[in-house]
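So that the names make sense, note that chain A is the first sequence line, chain B the second, and so on, each numbered from 1.
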Protein chains: 2
Amino acid sequence: MSERQKSILDAAVRVIARTGVRGLRVEQLAAEAGISTALIYYHFGDRAGLLRRTLEHINDRAADYTQSTGVELDLLLLQELQDTEAVRVNSTAWGELRATAVFNEELREPLADSTRVWVAEIADAIRRAHPDAPATDVAERLTALVEGLSERWLSGSITLDRARDLLRGAIALELPDR
Amino acid sequence: MSERQKSILDAAVRVIARTGVRGLRVEQLAAEAGISTALIYYHFGDRAGLLRRTLEHINDRAADYTQSTGVELDLLLLQELQDTEAVRVNSTAWGELRATAVFNEELREPLADSTRVWVAEIADAIRRAHPDAPATDVAERLTALVEGLSERWLSGSITLDRARDLLRGAIALELPDR
DNA sequence: GTCTATAGGAAGATAGAC
DNA sequence: GTCTATCTTCCTATAGAC
């Protein structure tokens, strides 16, 4: 994949984080990337192709993002609930990806793969810190909770601080210090 | 609100559950409702107004849906994870509502209100069955988890059975039998 | 590979009759 | 209140030059 393509996809993630998948206009993306619309079609064929590649790209970014063997579990989960540009963009795009996959068969498999990877990473961290805990179940519950809380935060139903408190509470329950 | 309006809004919920908010076409909705597009504009002004009213309607439906003083807590939560037409339509529409609200200020307040109502109902059920539990925290965590699991289920990242198992596990942890 | 210019079509919205 | 017919706008996509 060329640098140009990467930069277009990065721009697409930003636009999606701002306007949602439904709000992504090819012309707007062209402006964001500083190129013409024709070039986007040259590289990605059509809007659907662009979208597919963008959402795969979000997956890749998410994978990079979480790479953190050795980092504290608390941090690993709580870092998904932070008011920084990077987290906001990623979480918003990720939420859009999941919401889009509900109506788009093509996206389901890559989405499920990414979810699996993320859950596995959290499960590993759990195993390191709490060898006796049922790591897979706990990881699956905590990550699903993070997604639920994140969506509530981004949609304005809950404050970030409250979301973080609730997550901390869940971690304490799932992984009591022995 | 007239019966006609209600029937249009019901049709809109069905269409949204099938195609998502982004997929809702006024013409398609007209077909679903068995009327002309002009009539939709007569009743709701424009697409945005239609959408706003529809999403409020989803809120109302969700409120009705949960009305169940006296029902077991387990049932109350687990009934959100069921493969019936009604649950699927409601959950899908609800997910779309939340995803849309991320990019639509106007929807946030009604969405937050509905969320509050739902959480409060669950909290009441908790208080009845487990007087000593921190009902509000538990209710907020369990409902957020339901939303996260529901979205994973609808987007094909998890089976329904697995989602139900995980939820049961969380309930057991949050509300241990004394 | 990249642009400008534009074709073509889909979807939102309205006019006007009944 | 409701319809048919149509306008208009917006957006995807392509043609063709560089």
Side-chain angles (χ1 to χ4, degrees), chain A residues 1-58 93 96-97 99-107, chain B residues 1-58 93 96-97 99-107:
Chain A
M1 176 163 59
S2 72
E3 284 307 311
R4 169 111 294 172
Q5 289 191 1
K6 272 183 213 155
S7 95
I8 294 174
L9 293 176
D10 281 334
V13 174
R14 290 195 300 276
V15 174
I16 287 178
R18 228 164 37 227
T19 67
V21 168
R22 90 202 64 200
L24 187 146
R25 301 280 164 260
V26 178
E27 196 165 354
Q28 184 188 8
L29 170 57
E32 173 82 22
I35 56 172
S36 70
T37 67
L39 191 54
I40 291 173
Y41 286 97
Y42 172 78
H43 281 298
F44 301 101
D46 60 8
R47 189 180 188 279
L50 164 69
L51 221 54
R52 204 190 60 247
R53 295 281 304 279
T54 302
L55 298 176
E56 287 168 10
H57 189 59
I58 290 172
E96 277 291 287
L97 168 53
T100 304
V102 173
F103 306 100
N104 187 338
E105 291 283 338
E106 192 181 22
L107 297 175
Chain B
M1 178 163 59
S2 72
E3 283 307 312
R4 169 111 290 171
Q5 291 192 357
K6 271 184 213 156
S7 94
I8 294 173
L9 292 177
D10 281 333
V13 174
R14 289 195 301 275
V15 174
I16 287 178
R18 229 165 36 229
T19 67
V21 168
R22 86 203 65 204
L24 187 147
R25 302 282 163 258
V26 178
E27 196 165 354
Q28 184 188 8
L29 169 57
E32 173 83 22
I35 55 172
S36 69
T37 66
L39 191 54
I40 292 173
Y41 286 97
Y42 172 78
H43 281 298
F44 301 102
D46 59 10
R47 189 181 187 278
L50 164 68
L51 221 54
R52 202 190 61 247
R53 294 282 304 277
T54 302
L55 297 176
E56 288 169 8
H57 189 58
I58 290 172
E96 277 292 287
L97 167 54
T100 305
V102 173
F103 306 101
N104 187 336
E105 291 283 340
E106 192 181 22
L107 297 174

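- Remark: R18(B) engages E32(B) in a salt bridge (charged side-chain N to carboxylate O under 4.0 Å, His left out) (not counting sequence neighbours).
- The side-chain hydrogen bond (donor to acceptor under 3.5 Å, both in side chains) check on E105(A) picks up nothing, with sequence neighbours excluded.
- Regarding F44(B), its CZ atom lies at a distance of 15 Å from the P atom of dG12(C), rounded to whole Å.
- Near DNA chain C, meaning a heavy atom under 4.0 Å away, there are no residues from residues 8-23 of chain B.
- One N or O on the side chain of S7(B) and one on the backbone of R4(B) form a donor-acceptor pair closer than 3.5 Å.
- Rounded to whole angstrom, the span from the CD atom of Q28(B) across to the P atom of dA11(C) amounts to 9 Å.
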Give every donor-acceptor pair under 3.5 Å between a side-chain atom in residues 22-31 of chain B and any protein atom, sequence neighbours left out.
{"unit_1": "R22(B)", "atom_1": "NH1", "unit_2": "T100(A)", "atom_2": "OG1", "d": "3.2"}
{"unit_1": "R25(B)", "atom_1": "NH1", "unit_2": "R22(B)", "atom_2": "O", "d": "3.4"}
{"unit_1": "R25(B)", "atom_1": "NH2", "unit_2": "R22(B)", "atom_2": "O", "d": "3.3"}

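- In this structure, R52(B) has no side-chain hydrogen bond (donor to acceptor under 3.5 Å, both in side chains) partners at least two apart in sequence or on a different chain.
- With sequence neighbours excluded, the residues forming a side-chain hydrogen bond (donor to acceptor under 3.5 Å, both in side chains) with D10(B) are H57(B), R61(B), listed by chain and number.
- What separates CD1 of I40(B) from C1' of dG1(D) is a distance of 14 Å, to the nearest Å.
- Under the salt bridge (Lys or Arg N to Asp or Glu O under 4.0 Å) criterion, no residue pair touches residues 33-44 of chain A, with sequence neighbours excluded.
- Across the protein-nucleic acid pair, H43(B) atom NE2 and dT14(C) atom P stand 16 Å apart, rounded to whole Å.
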Heavy-atom protein contacts under 4.0 Å, nucleotides 4-18 of chain D, coded B base, S sugar-phosphate only, - none: B------SSBBB---

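- When the side-chain hydrogen bond (donor to acceptor under 3.5 Å, both in side chains) test is applied to T54(B), no partner is found at least two apart in sequence or on another chain.
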